[in-house]
Trainee: 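Just dropping this structure here.
A note on names: the letters A, B, ... follow the listed sequences, proteins ahead of strands, and every chain is numbered from 1.
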Protein chains: 2
Amino acid sequence: MVIIITMPRKPFKTLEARACQAARHSKRREVIFEVLNSGHSHLNAEEVHHEARKRLPGIGIATVYRALKFLCGCGQASEFIPADGVARYEPGGSRAHHDHLICTSCGRFIEAVDPAIERLQEKLAARHGFKPTRHKLEIYGICAGCAGK
Amino acid sequence: MVIIITMPRKPFKTLEARACQAARHSKRREVIFEVLNSGHSHLNAEEVHHEARKRLPGIGIATVYRALKFLCGCGQASEFIPADGVARYEPGGSRAHHDHLICTSCGRFIEAVDPAIERLQEKLAARHGFKPTRHKLEIYGICAGCAGK
DNA sequence: GGGCATAGTGATAATGATTACCATTATTAG
DNA sequence: CTAATAATGGTAATCATTATCACTATGCCC
Ligand SMILES: [Mn+2]
Ligand SMILES: [Mn+2]
Ligand SMILES: [Zn+2]
Ligand SMILES: [Zn+2]
């Protein structure tokens with residue numbers, strides 16, 4: 001299940017390789033990977049740290065930040081920054097791209113994706129001679145649960 | 001041209017009123033409003049400060065932050081936070097909502113809006129029982145100018 | 001298994017954007 | 001003009017994130 005690439009025999013040739021390939025296996029990185037894939041998603045670094053501590057009490061916050069950045073570089077996690085400016089993380093890799101409906105009342109993140117919107121975004125970019133590499137769509141509002149109250 | 005609301009006679013009744021209504025006219029606020037509406041848009045607070053200083057050399061950075069927040073509260077400016085986490089500002093009010101194509105090479109912001117996408121976003125939200133109040137669509141990639149090089 | 005080079009780690013200092021604080025200044029009703 | 005107080009500027013505080021550095025863990029070699 002854990003697919004952290006490890007152990008290049010020779011020194012890294014490029015910065016990218018160094019940034020995205022682990023030279024050694026690491027228990028902490030594995031734990032942080034597991035936390036991301038353990039159900040509750042959209043955690044910020046502090047919350048990841050809190051969860052990771054349950055499994056590895058001594059783990060430091062700096063290691064959490066390092067591992068999250070590393071996993072993002074590997075495509076094993078993805079980062080996004082909502083309106084409050086605090087980065088949040090979710091498992092990446094095989095998980096498909098999706099957008100977020102963010103409830104401003106309870107803070108919940110609803111994941112959604114509309115192929116038609118994705119297609120129109122490509123067209124919109126093309127119309128401006130723009131080559132898109134990634135995009136971020138966040139819809140803020142009130143979720144069904146909060147509206148019902 | 002400057003439409004800063006001023007002068008409530010009585011003490012503010014609510015926090016919102018206090019946040020969005022100026023009790024007194026202020027030359028600095030006016031200057032910052034003018035900077036936002038003076039052409040080059042998508043400035044961050046530091047850049048607004050730099051521009052404002054040309055007109056009012058003594059103006060402080062704290063005042064810039066205060067005025068920007070105030071203008072956003074009035075609907076006279078809007079704030080958005082791109083991937084680097086540093087808030088940027090543009091004139092609000094009568095200007096219509098728009099999305100951004102952001103060039104990761106030169107940093108340029110291209111403004112665009114596609115009514116079909118807007119409509120589909122509403123539908124997507126509705127499908128999840130979600131009442132949207134605002135949204136943010138940012139497409140990152142390479143602009144025509146940078147691609148041509 | 002032990003040695004070695006070095007990637008990884010944890011504590012903490014540094015950073016950078018933004019906000020809070022407070023003494024001073026500017027604005028405006030009367 | 002004067003009094004009341006909103007606005008301001010300098011700067012300390014805050015908060016998330018990154019850099020630093022001495023120390024530890026990993027894994028290839030023999
Ligand atoms: Mn998600
Ligand atoms: Mn814009
Ligand atoms: Zn909710
Ligand atoms: Zn460009």
Trainee: Under a 3.5 Å threshold, yes or no: a donor from one side chain and an acceptor from the other, between A:Gln121 and A:His135?
Mentor: yes

Trainee: May I have the distance from A:Ile81 (atom CD1) to D:dA16 (atom P), rounded to whole angstrom?
Mentor: 13 Å

Trainee: Would you confirm whether the ring centroid of B:Tyr65 sits within less than 6.0 angstrom of the ring centroid of B:Phe70?
Mentor: no

Trainee: Would you indicate which nucleotide in D:dT11, D:dT26, D:dT5 comes nearest to any side-chain atom of A:His25?
Mentor: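 Selected nucleotide: D:dT26.
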
Trainee: Expressed as a whole number of angstroms, how long is the span from A:Ile61:CD1 to D:dA16:P?
Mentor: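 Distance check: A:Ile61 CD1 to D:dA16 P gives 10 Å.
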
Trainee: Tell me: CD1 of A:Ile32 to P of C:dG8, nearest whole Å?
Mentor: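 About 13 Å, once rounded to whole Å.
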
Trainee: Of the nucleotides C:dT12, C:dT18, C:dT9, which has the atom closest to the A:Thr63 side chain?
Mentor: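 Among the listed nucleotides, the one closest to the side chain of A:Thr63 is C:dT9.
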
Trainee: Can you tell whether the side chains of A:Arg88 and A:Glu47 come within less than 4.0 Å, N to carboxylate O?
Mentor: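 Salt bridge: yes.
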
Trainee: Distance check: side-chain N/O of B:Arg29 vs OP1/OP2 of D:dA7, anything under 4.0 Å?
Mentor: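 For D:dA7, OP1/OP2 do have a side-chain N/O of B:Arg29 under 4.0 Å.
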
Trainee: Provide, to the nearest angstrom, the distance between the CD atom belonging to B:Glu47 and the P atom belonging to C:dG16.
Mentor: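 Those two atoms, CD and P, are 16 Å apart.
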
Trainee: Expressed as a whole number of angstroms, how long is the span from A:Asp84:CG to C:dT19:P?
Mentor: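 It is 12 Å, rounded to the nearest whole Å.
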
Trainee: Step through it carefully: locate the ring centre of B:His42, locate the ring centre of B:Tyr89, and say whether they are under 6.0 Å apart.
Mentor: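 Centroid separation for B:His42 and B:Tyr89: 6.0 Å or greater.
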
Trainee: Please state whether the phosphate of D:dT18, meaning OP1 or OP2, lies under 4.0 angstrom from any side-chain nitrogen or oxygen of A:Tyr65.
Mentor: no

Trainee: Is there a side-chain contact between B:Ser26 and the phosphate of D:dT8, meaning an N or O under 4.0 Å from OP1 or OP2?
Mentor: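 The answer is yes; a side-chain N or O of B:Ser26 sits under 4.0 Å from OP1 or OP2.
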
Trainee: Can you measure B:Arg66 atom CZ to D:dT11 atom C1' for me and round it to whole angstrom units?
Mentor: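 To the nearest whole Å, that distance equals 12 Å.
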
Trainee: With a 4.0 Å cut-off on N to O distance, would you call B:Glu51 and B:Lys54 a salt bridge?
Mentor: yes

Trainee: Between B:Glu46 and A:Ala62, who's closer to the 5' end of DNA chain C by nearest nucleotide?
Mentor: A:Ala62

Trainee: When you measure from the side chain of A:Arg24, which nucleotide among D:dT18, C:dT28, C:dA5 comes out closest?
Mentor: C:dA5

Trainee: At under 4.0 Å between heavy atoms, what does B:Arg28 touch on the DNA or RNA strands: base, sugar-phosphate, or nothing?
Mentor: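 Sugar-phosphate: the residue B:Arg28, judged by heavy atoms under 4.0 Å, touches backbone atoms but no base.
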
Trainee: Send over the distance from B:Glu30 CD to C:dT27 P, rounded to a whole Å.
Mentor: 11 Å

Trainee: Picking from D:dT17, D:dT8, D:dT11, which would you name as closest to the side chain of A:Val86?
Mentor: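 So the side chain of A:Val86 is nearest to D:dT17.
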
Trainee: Just the rounded figure in Å: distance from C1' of D:dT17 to CZ of A:Arg88.
Mentor: 15 Å

